[in-house]
Amino acid sequence: MSRTTLPFSSLIRAAAATGVAALTLTACGSGSGTGSTSSGSGSVKVGLITKTDTNPFFVKMKEGAEKAAKENGAQLSTAAGKFDGDNAGQVTAVENMVAAGVKGILITPSDSKAIVPALEKARAKGVMVIALDTPTDPESTVDALFATDNLKAGQLIGEYAKAAMKGKPAKIAALDLAPGVSVGVQRHDGFLKGFGATDKDVVCAQDTGGDQAKGQTAMENCLQKSPDINVVYTINEPAALGAYTALKAKGREKDVLIVSVDGGCTGTQAVKDGKIAATSQQYPLKMAAEGVKAVVSYAKDGKKASGYTDTGVTLITDKAQDAITSKDTVYGLDNCWG
């Protein structure tokens, strides 16, 4: 999914084989060149493929994988698409990693359906595949899923928004991700479930790709369509900050409730600053670290990870509502990423 958001160490990047034009492919270890490893040529090879290598969410995920690889004596190779949605780049990365002899691949699918054939081929060759953050469609395409419960993440901010409105009629705008992306669908549906609403109650819905500029444009469009909007659900915090900018330009930033998902440091700071009312915080480092450990375990005992592992979500707000469990931004900033 598209995402955004503790200071972190710099990441090691090196160029991969020239055939991987759409990717950045690196090896983790003490050296800085391609093929450097953390524990020698006999170590377990693990692959990590993210949607991009610039989004702070995936930067943190990569950092978690690198740390876990060093701690567990594994050799980590990483790849990322040039942009969110670069399925072709991810397919190439899967093929190259299988050819390089990885024992397992951790992947955040850019396209939950289109990536399926490549992952099925990898599994057929004995590679364990774990989806991180974003489920494949169908989920049975992979051996296991380590991810936030995105339906729950949406539900938490929906329940919060409902309580914060205190019975006032809601005019809801939904700033979504993109059609067919499971993370976006789950968060959207979760928000509506938590709020006790349906899509019929949404007066304006726009796709943003999780991008701040597109979020601003989407909010501007929604305000033109329905100037009385008073609740804004956003797929992530960049979209939320874009919405805030548009609302502020109209003098509406004080009377519109914005809720979001991600829990990145920038977004959590925006909650502290009062730009976003609440956000559901997730933990990408944990997803990747647990994924690396699972691959190393598989290499040792032959037992594959299976099913879904919930890596947790916490509602972050400084304006707590009765009967809604949450933590404040002090906790949020201590546990944020980006």
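When a residue number appears, it is its place in the shown sequence, counting from 1.
- Lys171 pairs with exactly one of Asp228, Asp201, Val202 by the side-chain contact (heavy atoms from CB on, under 4.5 Å) rule, that one being Asp228.
- The two residues Val142 and Leu119 make their nearest non-hydrogen contact at CG1-CD1, 3.9 Å.
- Between Glu120 and Arg123 there is no salt bridge, since no side-chain N of the basic residue sits under 4.0 Å from a carboxylate O of the acidic one.
- Stacking of Lys103 on the aromatic ring of Tyr298 is recorded, both the 6.0 Å distance cut-off and the 45° axial limit being met.
- Side-chain N or O atoms of Thr148 include none that pairs as donor or acceptor with a backbone N or O of Asn150 at under 3.5 Å.
- Ion pair Asp53/Lys62 not flagged as a salt bridge, since none of the NZ, NE, NH1 or NH2 atoms sits closer than 4.0 Å to an Asp/Glu carboxylate oxygen.
- The closest side-chain donor-acceptor pair between Gln186 and Lys152, if any, does not fall under 3.5 angstrom.
- Between Gly215 and Leu175, the shortest heavy-atom contact is O-CD1, 3.7 Å.
- Using a 4.0 Å cut-off between a side-chain N of Lys or Arg and a carboxylate O of Asp or Glu, Glu71 and Lys67 qualify as a salt bridge.
- Ile107 has its side chain out of reach of Leu132: every pair of non-hydrogen atoms, C-beta onward, lies at least 4.5 Å apart.
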Begin from the C-alpha positions of Glu159 and Lys162 and carry the test salt bridge (Lys or Arg N to Asp or Glu O under 4.0 Å) through to its verdict.
CA-CA 5 Å; Glu159 291 171 347; Lys162 182 70 172 180; over 6 Å; no
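- Residues Leu257 and Val232 form no side-chain contact, since every pair of their non-hydrogen atoms from C-beta on lies 4.5 Å or further apart.
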Evaluate the criterion side chain to side chain contact (heavy atoms under 4.5 Å, CB included) for residue pair Tyr233 and Asp176; output intermediate values, then yes/no.
CA-CA 8 Å; Tyr233 153 79; Asp176 293 313; 3.3 Å; yes
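- The shortest distance between side-chain heavy atoms of Met165 and Phe195 falls below 4.5 Å.
- Counting heavy atoms from C-beta outward, Leu241 and Thr266 have side chains that approach closer than 4.5 Å.
- Residue Ser112 holds its OG atom at 9.0 Å from CD of Glu139, rounded to the nearest 0.5 Å.
- Between the side chain of Thr92 and the backbone N or O of Ala88, at least one donor-acceptor pair lies under 3.5 Å.
- Here the side chains of Ile316 and Asp328 are not in contact, with every heavy-atom distance at 4.5 Å or above.
- Side chains of Asp84 and Thr52: no donor on one and acceptor on the other come within 3.5 Å.
- Taken from CD1 in Ile115 to CG in Asn87, the straight-line distance is 4.5 Å, to the nearest 0.5 Å.
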Yes or no on side chain to side chain contact (heavy atoms under 4.5 Å, CB included) for Phe191 and Val231, after CA distance, side-chain angles and deciding distance?
CA-CA 11 Å; Phe191 169 80; Val231 176; 4.1 Å; yes
I'd like to know whether Ile105 forms a side chain to side chain contact (heavy atoms under 4.5 Å, CB included) with Ile49, so could you lay out the CA-CA distance, the side-chain angles of the two residues, the decisive distance to 0.1 Å, and finally the verdict.
CA-CA 7 Å; Ile105 291 175; Ile49 304 170; 3.9 Å; yes
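- Linking Ile, Leu, Val, Met, Phe, Trp and Tyr whenever their side-chain heavy atoms come within less than 4.5 Å leaves Leu177 and Val185 in two separate clusters.
- Contact check for Arg252 versus Lys248: no side-chain heavy atoms found under the 4.5 Å cut-off.
- Gln281 and Asn335 form no side-chain donor-acceptor contact under 3.5 Å, judged by distance and modelled atom types alone.
- With Thr311 contributing its side chain and Ala147 its backbone, the two residues share a donor-acceptor pair below 3.5 Å.
- A side-chain donor-acceptor contact under 3.5 Å links Asp211 to the backbone of Ala213.
- Heavy-atom minimum distance, Gly210 versus Ile235: CA-CG2, 4.1 Å.
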Show, in sequence, the C-alpha distance, side-chain angles and deciding distance for Thr234 and Ser260, and conclude whether the side-chain hydrogen bond (donor to acceptor under 3.5 Å, both in side chains) test is met.
CA-CA 5 Å; Thr234 64; Ser260 195; 2.8 Å; yes
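- Between Met97 and Leu48 the shortest heavy-atom distance is CE-O, 3.7 Å.
- Residues Val181 and Leu145 do not share a hydrophobic cluster, clusters being chains of Ile/Leu/Val/Met/Phe/Trp/Tyr side chains in contact below 4.5 Å.
- Put simply, the side chain of Thr317 never gets that close to the backbone of Ala278: no donor and acceptor are under 3.5 Å apart.
- For the pair Lys327 and Tyr331, the distance from NZ or CZ to the six-membered ring centre is under 6.0 Å and the angle to the ring normal is within 45 degrees.
- Considering all non-hydrogen atoms of both residues, Thr268 and Gly332 come closest at CG2-C, 3.6 Å.
- Residues Met287 and Tyr283 are members of separate hydrophobic clusters, defined by side-chain heavy-atom contacts under 4.5 angstrom among Ile, Leu, Val, Met, Phe, Trp and Tyr.
- Under a hydrophobic-cluster definition in which Ile, Leu, Val, Met, Phe, Trp and Tyr are linked whenever side-chain heavy atoms come within less than 4.5 Å, directly or via other members, Val203 and Ile258 are assigned to the same cluster.
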Side chain to side chain contact (heavy atoms under 4.5 Å, CB included) between Ile324 and Leu315, worked out:
CA-CA 9 Å; Ile324 304 296; Leu315 181 69; 3.5 Å; yes
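- Residues Leu223 and Tyr244 share a hydrophobic cluster, clusters being chains of Ile/Leu/Val/Met/Phe/Trp/Tyr side chains in contact below 4.5 Å.
- In this structure, the separation between CZ on Phe57 and CG on Asp133 is 4.0 Å, given to the nearest 0.5 Å.
- Minimum interatomic distance between Ile130 and Gly291 (heavy atoms only, all atoms of both residues): CD1-O, 4.1 Å.
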Check against salt bridge (Lys or Arg N to Asp or Glu O under 4.0 Å), Asp318 and Lys272:
CA-CA 7 Å; Asp318 283 335; Lys272 182 178 181 179; over 6 Å; no
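- With rounding to the nearest 0.5 Å, the separation of OG in Ser182 from CG in Asp189 is 11.5 Å.
- Interatomic distance, CG of Asn72 versus OG of Ser43, reported as 11.5 Å (0.5 Å rounding).
- Counting heavy atoms from C-beta outward, Ile157 and Thr279 have side chains that stay 4.5 Å or more apart.
- A donor-acceptor pair under 3.5 Å is absent between the side-chain atoms of Asp273 and the main chain of Lys275, judged by distance alone.
- With Asp143 contributing its side chain and Val129 its backbone, the two residues share a donor-acceptor pair below 3.5 Å.
- Counting heavy atoms from C-beta outward, Thr136 and Lys113 have side chains that stay 4.5 Å or more apart.
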Yes or no on side-chain hydrogen bond (donor to acceptor under 3.5 Å, both in side chains) for Gln206 and Lys214, after CA distance, side-chain angles and deciding distance?
CA-CA 9 Å; Gln206 296 266 304; Lys214 292 179 181 178; over 6 Å; no
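- Separating the CE atom in Met219 from the NZ atom in Lys250 is a distance of 11.0 Å, to the nearest 0.5 Å.
- Under a 3.5 Å cut-off, the side chain of Gln282 and the backbone N or O of Ser280 do not form any donor-acceptor pair.
- Donor-acceptor pairing under 3.5 Å is lacking for the side chains of Ser326 and Tyr160.
- Between Gln212 and Gln216, the side chains place no donor N or O within less than 3.5 Å of an acceptor N or O (distance only, hydrogens not considered).
- Using modelled atom types, one finds no donor on one side chain facing an acceptor on the other under 3.5 Å when comparing Gln90 with Asp86.
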